[in-house]
Structure formats: structure tokens, C-alpha cells
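Below, chains carry the letters A, B, ... as their sequence lines are ordered, and counting in each starts from 1.
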Amino acid sequence: MEPYRRRQVFLERASALSTELSSRYDPSDSEQALYREWEERGLFHADETRARSPYVIVIPPPNVTNVLHMGHGLNNTIQDVLVRWRRMQGRDTLWLPGTDHAGIATQNVVERELAAEGATRLDLGRDAFVERVWEWVHEYGGQIVEQLKVIGCSCDWSRTRFTLDEGLSRAVREVFVRLYEKELLYRGRYIINWCPRCTTALSNEESEHREHDGKLYHIRYPLADEPQRFVDVATTRPETMLGDTALAVHPEDERYADLVGRKAVLPLVDRLLPIVADEFVDPEFGSGIVKVTPAHDPNDFEIAGRHDLEAIDILTDDARISDAAPEAYRGQDRLEARESVLADLDRADLLVRIEDHRHSIGHCYRCDTVVEPRLSLQWFVRMEPLARPGLKAYRDGQLRFYPERFGRVYEHWMENIRDWCISRQLWWGHRIPVWYCQNEACGEMVVARDDPDRCPECGGALEQDPDVLDTWFSSWLWPFSTLGWPEETADLKAFYPTSTLCTASEILFFWVARMVMAGYEFMGELPFTDVLIHGTVRDHIGRRMSKSLGNGIDPIEVVQLFGADAMRFTLIRGAAVGTDLQLNYEDLESAFRPGRNFANKIWNAVRFALPYLQDADAVDPRERELELADRWILSRFAAATDQITAALEAYRLHEAAELTHAFVWGDFCDWYLELVKGRLEGERGSGSRDAAAATLVYVTRGWLTLLHPVMPFVTEELARRLPGATPEASLVLGPWPSWDPTQRDTEAESAMEALQEFVATVRNLRSEYHVDPGTGVTVHLQSDASDLEHALAAEERGVRRLAGITSVERSAPPVDGPGASAVLRAGTELFVPLSGVIDVDRERTRLETEVNRLEGLLASASARLGNEAFLAKAPKDVVERERQKERSLAEQRDRLIEKRRALGPTG
RNA sequence: GGGGCCUUAGCUCAGCUGGCUAGAGCGCUACGUUGACAUCGUAGAGGUCACUGGUUCGAGUCCAGUAGGCCCCACCA
């Protein structure tokens, strides 16, 4: 029969069988309803009045402008797994959600909207613009919150926060004032990173450096007192020469010793430039002479400070040449100006040469525009004192990173911390709480918690600083501002400090390190003890997922296609601690199919078992007379519980997912369910059936629980149908199974191992017979599984694998043949189907290859056993294992040689 | 210029304290209408664990170096 036809026949048969539950699990049937129910019942709500052993996570607040992408999907699934697991363990768990106002990003979105209408924010004016942004936020913002629910996140939504909320705004202002009072805040004129597109200052962290193939231009400047002599300088940004105010050489550079103290003439501008000596200059680089542009280069600014040089800002806010430059260039864009300057220099024969030069250039992290280092009056936070306790906490081991290596990255950054530029020339954000007296004679500056009416000094009118604060200036307070600080709330008392902070490595500096600093400064305590850093979601060729590349995968689409559980399982299993996760956006199937198939597998496993079970089976299986298979699965379950719990403790979530999958599919479905099928058919009241049923209920409920943090929906859906389930019970509330070492049953485990080997051997009998399709062999068993271990002990090796088999004969399949359960019954027959005609030539080759392989392994095992040092130093059990290995290898080899001989010579 | 990471099956990756006849998922081959599941089952092919040295009774695992890839930080014009 052709494959497609065969499949059709199968499906027809399948649909003819009417069953209560569909044989395909359809996540869309239940996910949303379950979520709504959990939420309505308040299962995610944290009670601040009884938080005795709290487990707390604050969400890394996504930008209000965001829609969910796979990065969020991964980040939040990880948090949800941790939170659900701890909640099931009985910890008083809070996962606090919220969003970030995201100054630049949000302002940009609304500005783009305005641009489409042909307007700018300047047309609207400040108040109307801010009003407009709020409207946008109310209408479109926070979509992401709803999307988090779709993927199953068990946040306490009653505590949702927004960084521009009244409470959080109060926290921001309190912090600003406190820092100012402690002189950890200052206003000053320094070189900052300026984004000419966003027309605002950026912090160092917001300027992303990338390598560029640029040019290095060598220009010559004539000396003032010796116009026929020139000095060569090199620059990558020739237009900045318009702002040069000096030249510098190294103090010990003998070549130029005679130049120091003299003056050069700045071409195109005709300004006189003093030539100074400064340690900063590297005599090895270029000509060894540097042009000094204090307003547009941080080093030059430093030099200027040391030599009392003027700083001339030759740019406007949008990076055009300002009025400080000669008229010819004014109004030109910086790149346009670069061309004109070069052309003019060339015309004057002052452009010596141009060479290729690779160097890195800063880009705005929001709009990717090349940032301009620029002298500007801004507010800064003095970071060094704030960093000290955070550094100590890490070194003392109170603050732990998973994986550990990120601790070193954190340490390095904290050690070399630089002051933080916090003012932004934007309208959307927390307005800086500083007022300047408009009375020039007074000039008072007021920094206040509450808006002042008039100048406390002179009673004059006040004007508030027009700038807003860096978005991260509210984010760094997140772990306590969300709990009500600066009020001493019950929440703050109950839930601070938090437990685990879970994020991608990108915002280690932006956010994580600064939260530690704020935690110590304002709460006197660490904001969290564990930092879990996960990888980035990339596409199949390693690129970061992004809208602009078009390689993004929409998690909501994935949920619709495969279900939230499938997505969560795939993400968790794919993301080993600290490694990136690759997903193929062109073939969603291959990425998410395993997760969906797993959900379907467990759905069908439980669907199969349910009709055999009744409420009376919801008893502790140890009250029943357990058979080998029952003891075995209970023991395996105990082992799985132990391993999975340990993996979660160590934040090895991928391992926990993998272990659960292996237990459910490999142990439970493949073996236990198969072994128990026959027994379930038995009469209620029969010891064997009751033991099987009780074990089945217990173990199924158990692994549904273990799987619930990763796949909350199917597991809950199924757990509710198990005997003994009550309407108010929910896996959400646990309890998490506890690991009981007495449940390990090594006797049962080793007997089952033997049984599994035995079954494999029986199956292998197939290769010893050449039969027609549709026939097979029938194996007559003399012992059942519980006898097997005795049989094995009695038999010497050699016959071991066939222990329990009295005879094997060729036969047609029985009309109504027993399943694999027959293996366990003494005196029954097991029909082993054979899979068609065996290709004898192929079989010969296979056997020969196999024998060769075994010879090789045997040689190395023997060599080891012949090694005196090995015998002397290796642990006893290792040596013993090695001996066994040698024996069984020899045994296998001999058997295969025998088989090979039986097949006759090649031909 | 500093710091960190990676290189294991055709693909994506596990492999924690050295004991491994190196695993998983996908893909591939063969067979299968077995009353849970074809979103499945059974069997199988496929790997000098990048390379070179070292430590060790024993190295995918530890150390050093080489080659290739990635990331972060940094003011060399």
C-alpha cells in the first residue's frame, strides 16, 4: 500500500473510534480560558500580610512601545518557570509586572506619527506634545502586558507599575533630591555623546560603538612665525578643525621641542593656535602632533583643561555648522561640511594625504545615528561612591551571577565606573526637579521635592529646568519604587529584597549594576541576590532577531500555531544557561514541532489512562500490593523529582525540561504505560489492577506537576481530569513533589533494567530469522518479570540474555495477539513481528562492521585492564565495571561472529 | 589595545566536580493500519569531541600554544 493511502486508512479508522477526548491536543481550546480562570481566582496574587518565605521577581519592564518578540518570550518564560515552581513549593511568591516609559523610544514613536501628519513636536508645544504621548500610551501602550498573559506569565497584575506612575515619579524625585543633598549629583559642562537626530545627550552606555572603515586625513598647518614651515596633523573628522584651539605634542618628543610655546595658524579660519606639550599625545601615532578641539573630543577637552584653552562648539543641536565657524560653512550638515573643508584644504594645498583607517564610532542606541562628542551642560551622577558597596557585595559572594562569568564583567565595569550623564533634552519623561531664579542678580538654583512657587532667596520668579531624566534613572529604582518606596509600605517590608533578577546580558550595565547601586544607597540592602543572565534569541544563521532584518518570529503567532506550552518548552529546552538560542524563522515547524508533539504525547497518554481510572484509585500506591513495574516507575519518579528539583535550584532550566521530557516519554509512556495496559483491563478489586491504577494516578499527577512550570496549560487541563481532582484544586498551587530517598527502589530498578535488556534481546531475534512480511516469531516465556531477577541470578552469563525464554518459533501473528504486557506473564506467548525480508548481504556487512567495532573496543578495554597503574589507582567500581565491559564485549562479539557464520559466505 | 566566550553527528545544541562503549531534538534510511499517540512506534546509519603539545592509570572534560568564529569594554587623533 502506498504511504499516503495507508495513512488515510489509518485516519479513517481513527475517526471511526469515538472517544471523549480528541486524539489531538488542541491548545486553543483551553489556554485562554484557563488563564482567565487562574487570574480571576487570584492565584497569582501575592499576599503581603503573610510573606514568610517570599520569592520575588520584578519583571524587567518592557518599553510601553514594545510588542512582544522572542527575546521577551524567552525572558518571561524563564521568569515564569521560576515563579511557578517556587509558588508550587509553597513560597509566598510575587512576580511584579510593569512597563517602562522609555523616554527616547516613545518620544520617537509619537514624533514619527506627527511627522506623518506633517507636524513636529515644536508645532504642538511641550504640554500638548506630552499630552499626545500620554494618549498614545493609553491607547497602544501596554499591549505587551496582554501578550504576556497569552504566553502564560503568572504575574500579579494587581501590582502592575509604570515608570511614570505617580508613585514612581515621587521615588524619582526623592532620589534626585537625596543625591543632590549628598553631593552625588552635579551639573557641569563636559563632553557628552550627543545624538543629533534625537537632539539629546546620551549616557556612555547609550552610545554603541561599532567599527567603521573610515579615512585618516593628514592636514598641514603653517606656523605663525614661520609661514613656510608646516606641521602635519591627522584627523578622522576634518570638519572639527573649525573648532581647533591648539596643537599638542608630547613633552618629551625631541622632534618638536622647538615648537612648544609657539603658534600655528588654523587654515580656513585663520585662528592662532598655541602649541602645547601634553602627556596625552602619543609620539608614535601619525606625525606625533595632535590638533586640539576641546568642544568635540573628550581627550582634547582634558588637554584644554590642563592648558586653559578655549572650547569652541562649532555644531548646532542637529549637527550643522554653527555660527561659531566661518560663514562659508554655516548651516552645512556635518558630512557636507567635511567635504567642503576637505575641498578647501585641497585647494590651498594643505591636504597632505588620505589613508584608510578602521576605527570605531558611537551610534545612538535608539536611532542608530552617529553620535557626536560634544561639550554640553548636563547633570551627572557621581558613581564611584555608589559603586563601592555593590562591588563589595559581589566580592563577598552575596550577589551571585548565573553563569558566573558575568560577575567578572560586572566587576570590571564597576571598577572602572564613570559618571553618569542623566539629563536628556527630551519632553517625555521625569522632568528634572530643579528651578532657576530668573532674577539675574540672585541666580539661585532650587532642587526640591515639591514644586516651589517662587525663589526662596529673593522671591523672584522661577523657571524649571527644561530637561528630563534618563529613562534608566527611574528603572534603577524599580525593585523598590514598585513596592511603594519612599513610603514604608507593607509590600516593601514583605518583598524587599527580591530574589532573582532575570535578564539578557545587554542591560547588565544599563540596569542591573545600577539597581544594585540604588538598592544599597536607598534601601541599604541588595535589591536581589541572584542574577540570571540568559542568551539572545537569534535566527538560524546567528543574527539577532529584529524587525528591520525581517527575521523575527512573533511569539503570538507561534502560540496560535503550536500553543503556548509548545513555545515555552522549546524556549526553555533550547536555552542552556548563558548560551544563545537559535531559531529558524523560515521553518517554524522544525523549531516548535517537538514542543507541540510533546504536548500531544502527554495528552494522549493521559487520555488513554483515564477510562480505566476511578476516584477510588486516588490513593497512595504504597497502600496497594505493588508489582515490579509499579515499584520501578515510583522509583524512577522519585529520581526524576530529585534531579529536576536540583536542576531548577541551580537555574539549569533546560536540564529540568530535558529530564522531565525523558522521564515522561522514555520511562512513563514507553515502558510503564505499555507494561500496565493488560493489568488495567482487570476487574476492580483485583490486586494487580488496583496497584497499577493507584500507581498510575499518583505518578501521572506527579509528572504533570513537575512539568507544570514549563507547560502550565496542558498539565492543568489534564490534572483536573485525574481521579481525586477537586474543582478548587489547581497545579498552580502545587504542592511540588518532595524528594523522598526511601522511594528509590534499586532492586526494582535493576530488575527493570534487566527486563528492558531482555525485551531488546527478544526484538533482536528478528535479525536471526529471515521471514516473509507479516509473519514473526512467538516467544514462549517461562517466568514473569518479578521472577526474572532470580532467573538472572541463577543463570550464568551467556544464557543470561535468553533467560526466561523456553522456545522461539516462527509463526503467523495471532488473531488477537497480546501486547507487550505478555512479557510480564509467565507461561504466555509473545508475538514479535518481523519487519519483512532481511537483506542477507546487508546483514552480513552490518555484522562484519559491528564485529570490527567490538574488536576495537575490546582491545582498549583489555589494554586498560592490563595496565598495572590503572589497577592500582583506579577506584574499585571503575575497575569492576571495566571487567564487566570486557566480558560483555567479548560475549557480544562471539555471538555476532556466530550469527555471521550462520549466514554463510558472501555471495 | 584590554577582557570574556565558542569550536562535539548533516543542522541546532547538551555533556555540572576528569572514569564515555560521547547524548538529545530535528533531519536521513528501512519497516509498521499492533485500541493512547502517524503530532506515533521499532530498528538503523552518522562523531580521530577544531588542531598541536602537556598533566594523569585515564582527557570531550584540566593546563599551554595554534587556527577559525563571536561578544563586551576602551579617549589613540
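Nucleotide G32(B) forms a pair with C40(B), judged by Watson-Crick or G-U wobble geometry with both contacts under 3.5 Å. Base pairing of A24(B): its partner is U12(B), meeting the Watson-Crick or G-U wobble criterion (both donor-acceptor distances under 3.5 Å). Under the Watson-Crick or G-U wobble criterion, with both distances below 3.5 Å, U52(B) is paired with A64(B). Nucleotide G19(B) forms a pair with C57(B), judged by Watson-Crick or G-U wobble geometry with both contacts under 3.5 Å. Using the Watson-Crick or G-U wobble rule with both distances under 3.5 Å, A77(B) pairs with nothing in any strand shown.
In this structure, the CD1 atom of Ile192(A) is 15 Å from the C1' atom of C75(B), given to the nearest Å. Rounded to whole Å, atom C1' of C57(B) lies 12 Å from atom CG of Leu865(A). Rounded to an integer number of Å, the gap from CG of Asn193(A) to C1' of C75(B) is 11 Å. A straight line from CD of Glu658(A) to C1' of C13(B) spans 10 Å, rounded to a whole angstrom. Atoms CD1 (Ile361(A)) and C1' (C75(B)) sit 14 Å apart, rounded to a whole Å.
Candidate nucleotides A36(B), A77(B), C75(B) were compared by shortest atom distance to the side chain of Arg418(A), and C75(B) ranks first. Side-chain atoms of Arg405(A) lie closest to C5(B) of the nucleotides C5(B), A77(B), C73(B).
Between His363(A) and His212(A), the ring centre distance stays below 6.0 Å.
His357(A) has a side-chain polar atom (N or O) that falls below the 4.0 Å cut-off from OP1 or OP2 of A77(B). Under 4.0 angstrom from either OP1 or OP2 of A14(B) there lies no side-chain N or O belonging to Arg652(A). One finds no side-chain N or O of Asn299(A) lying less than 4.0 angstrom from the OP1 or OP2 phosphate oxygen of C76(B).
Remark: the Arg24(A) side chain and the U39(B) base include a donor-acceptor N/O pair separated by less than 3.5 Å.
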Quick one: what's the B/S/- string for nucleotides 17-22 of chain B, heavy-atom cutoff under 4.0 Å, read 5' to 3'?
--BSB-
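For Arg538(A) and Arg408(A), each mapped to the nucleotide of RNA chain B holding its nearest heavy atom, the one lying further toward the 5' end belongs to Arg408(A). Each of Asn597(A) and Val606(A) was assigned the nucleotide of RNA chain B with the nearest heavy atom; the assignment lying further toward the 5' end belongs to Val606(A).
The list of salt bridge (charged side-chain N to carboxylate O under 4.0 Å, His left out) pairs with a residue in residues 646-666 of chain A, not counting sequence neighbours, reads Arg86(A)-Glu649(A), Arg573(A)-Glu658(A), Arg652(A)-Glu655(A).
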